[in-house]
S.K.: 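My questions will all concern the structure given below.
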Amino acid sequence: MNSYSDAFAWLVDPVHWAGPSGIPQRLLEHLGYTGLTLVIAIVIALPVGLYIGHTGRGREIVVPFTGALRALPTLGLVILLALGLGIGILPPLIALVILALPPIIAGAYSGLESVDREVVDAARSVGFTGSGVLWQVEVPLALPLIVGGIRSACLQVIATWTVAAFLPLGGLGRFLYDALPNQDYAQLLAGSILVIVLALLADGLFAIVQRLVTPRGVTAGRTADIRTKTQSPPRKDPSWLAPEKA
């Protein structure tokens, strides 16, 4: 029996689907950690990205700063924070929020910057205020890239929470750290498979959301068509142009 068949036998064993250390409980813990991290990161990063993209201010400061954050070794940061704050969820939570900030900020400001300036100018010319341009024009057109930034952050957070389970915490990473001392390679591989499947499912879900929030005009790459349809909707029945019959 090879390692993969051992891993799948471990996965389908009913013993591993029950109790506080079973797969459902570990999966819920992992989803909870990931969701909490993303919510905090979105609350911090999204306003910053929207402000930069809408006003063009602060880009020269925030962009290099978030680039530096990307270069931080996440595991080293987790250990450093754990030495200062103690064992628990707080050190990895802070480290992973820092990890999730750059892609969300980048997705927001690059999304707004990608909006056609002619569309923005047209909105201003018909009386849209600054907030109206932001929330009714720029954000709807930038949503695919904004969701893309959150999607990238989500995948990084799912993977890194697996590593951060050594503190010790729950989550799918516990299968890996519990298996290493016992050289239980079936559990080790099964835990890795669960993390990969979770990441693929999350990526697929965000891909669907990106597709749903993409305006039709943006999908076709024809913003001019949007303006044309808005200003002059086609008549379904052109017979009104024909002369009346006597």
S.K.: Of the non-hydrogen atoms in P47 and V43, which two are nearest, and what is the gap between them?
M.R.: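 Residues P47 and V43, closest heavy atoms: CD-O, 3.2 Å.
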S.K.: Donor-acceptor pair, distance only, cut-off 3.5 Å: does the side chain of R117 make one with the backbone of V115?
M.R.: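 Present.
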S.K.: If you look at every heavy atom in Y51 and T55, which pair is closest and at what distance?
M.R.: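 Between these two residues, the closest heavy atoms are O-OG1, 2.6 Å.
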S.K.: Got a list of side-chain donor-acceptor pairs under 3.5 Å for residues 193-208, not counting sequence neighbours?
M.R.:
unit_1 : atom_1 : unit_2 : atom_2 : d
D203   : OD1    : R151   : NE     : 2.6
D203   : OD1    : R151   : NH2    : 3.1
D203   : OD2    : R151   : NH2    : 3.3

S.K.: Answer with yes or no whether the hydrophobic clustering places V213 together with L145; edges join I, L, V, M, F, W, Y residues whose side-chain heavy atoms lie under 4.5 Å apart.
M.R.: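 No, V213 does not connect to L145 through the hydrophobic network.
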S.K.: Same hydrophobic cluster for L36 and I42, using side-chain heavy-atom links shorter than 4.5 Å among ILVMFWY?
M.R.: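 No, because L36 and I42 fall into different hydrophobic clusters, even though each may have its own neighbours under 4.5 Å.
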S.K.: Hydrophobic clustering (ILVMFWY, side-chain heavy atoms < 4.5 Å, transitive) - are I44 and Y33 grouped together?
M.R.: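 Yes, Y33 connects to I44 through the hydrophobic network.
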S.K.: Verify, without hydrogens or angle tests, whether T160 (side chain) and V157 (backbone) share a donor-acceptor contact under 3.5 angstrom.
M.R.: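 No, the answer is negative, given that no donor and acceptor are paired below the 3.5 Å cut-off.
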S.K.: Nearest 0.5 Å, please: how far is CD in Q156 from CG in L38?
M.R.: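 It is 10.5 Å, given to the nearest 0.5 Å.
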S.K.: Treating Ile, Leu, Val, Met, Phe, Trp and Tyr as nodes and any side-chain heavy-atom pair under 4.5 angstrom as an edge, say whether Y185 and V15 lie in one connected cluster.
M.R.: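 As far as the 4.5 Å side-chain criterion goes, V15 and Y185 are not connected within one cluster.
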S.K.: List the steps and the verdict of side-chain contact (heavy atoms from CB on, under 4.5 Å) for L46 and I146.
M.R.: CA-CA 9 Å; L46 200 53; I146 294 174; 3.8 Å; yes
S.K.: Begin with the C-alpha distance, continue with both residues' side-chain angles, and end with the deciding distance and a verdict on side-chain contact (heavy atoms from CB on, under 4.5 Å) for V139 and H54.
M.R.: CA-CA 9 Å; V139 169; H54 180 66; over 6 Å; no
S.K.: In Å, rounded to the nearest 0.5 Å, how long is the span from CG of L28 to CD of Q25?
M.R.: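 So the CG of L28 and the CD of Q25 are separated by 6.0 Å.
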S.K.: Is it the case that atom CD in Q183 sees more than 12 heavy atoms from other parts of the structure closer than 6.0 Å?
M.R.: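 12 or below, so no.
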S.K.: Would you name the heavy atoms of T34 and C154 that are closest together and state the gap between them?
M.R.: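 In this case the closest contact between T34 and C154 is CG2-SG, 4.3 Å.
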S.K.: Step by step, work out the side-chain contact (heavy atoms from CB on, under 4.5 Å) result for W135 and L50.
M.R.: CA-CA 10 Å; W135 295 110; L50 294 180; 3.9 Å; yes
S.K.: Write down the atom of Y4, the atom of L189, and the distance for their closest heavy-atom approach.
M.R.: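 For Y4 versus L189, the nearest heavy atoms are CD2-CD2, 3.7 Å.
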S.K.: State yes or no: are the ring centers of H16 and W10 separated by less than 6.0 Å?
M.R.: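 Close enough - the centres of the two rings lie under 6.0 Å apart.
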S.K.: Between side-chain atoms of residues 91-113 and protein atoms elsewhere (two or more places apart, or another chain), which donor-acceptor pairs fall under 3.5 Å?
M.R.:
unit_1 : atom_1 : unit_2 : atom_2 : d
S110   : OG     : A106   : O      : 2.5
S110   : OG     : G107   : O      : 3.4
E113   : OE2    : R59    : NE     : 2.9

S.K.: Got a donor-acceptor contact below 3.5 angstrom from the S192 side chain to the L188 backbone?
M.R.: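 At least one qualifying donor-acceptor pair exists.
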S.K.: What side-chain donor-acceptor pairs closer than 3.5 Å can you find for residues 165-179, not counting sequence neighbours?
M.R.:
unit_1 : atom_1 : unit_2 : atom_2 : d
R174   : NE     : D178   : OD1    : 3.4
R174   : NH1    : A165   : O      : 2.6
R174   : NH2    : D178   : OD1    : 2.8
Y177   : OH     : V163   : O      : 2.7

S.K.: Counting only heavy atoms not in R57, do more than 12 sit closer than 6.0 Å to its CZ atom?
M.R.: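 12 or below, so no.
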S.K.: Please tell me whether W161 and L80 are part of a single hydrophobic cluster in this structure, the criterion being side-chain heavy atoms less than 4.5 Å apart.
M.R.: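 The answer is no; the residues belong to distinct hydrophobic clusters.
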S.K.: Should L11 and I23 count as side-chain neighbours, where that means a heavy-atom distance under 4.5 Å?
M.R.: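 In short, these two side chains touch, coming nearer than 4.5 Å.
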S.K.: How long is the straight-line distance from CD1 of I158 back to CG of L31, given to the nearest 0.5 Å?
M.R.: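 So the CG of L31 and the CD1 of I158 are separated by 7.5 Å.
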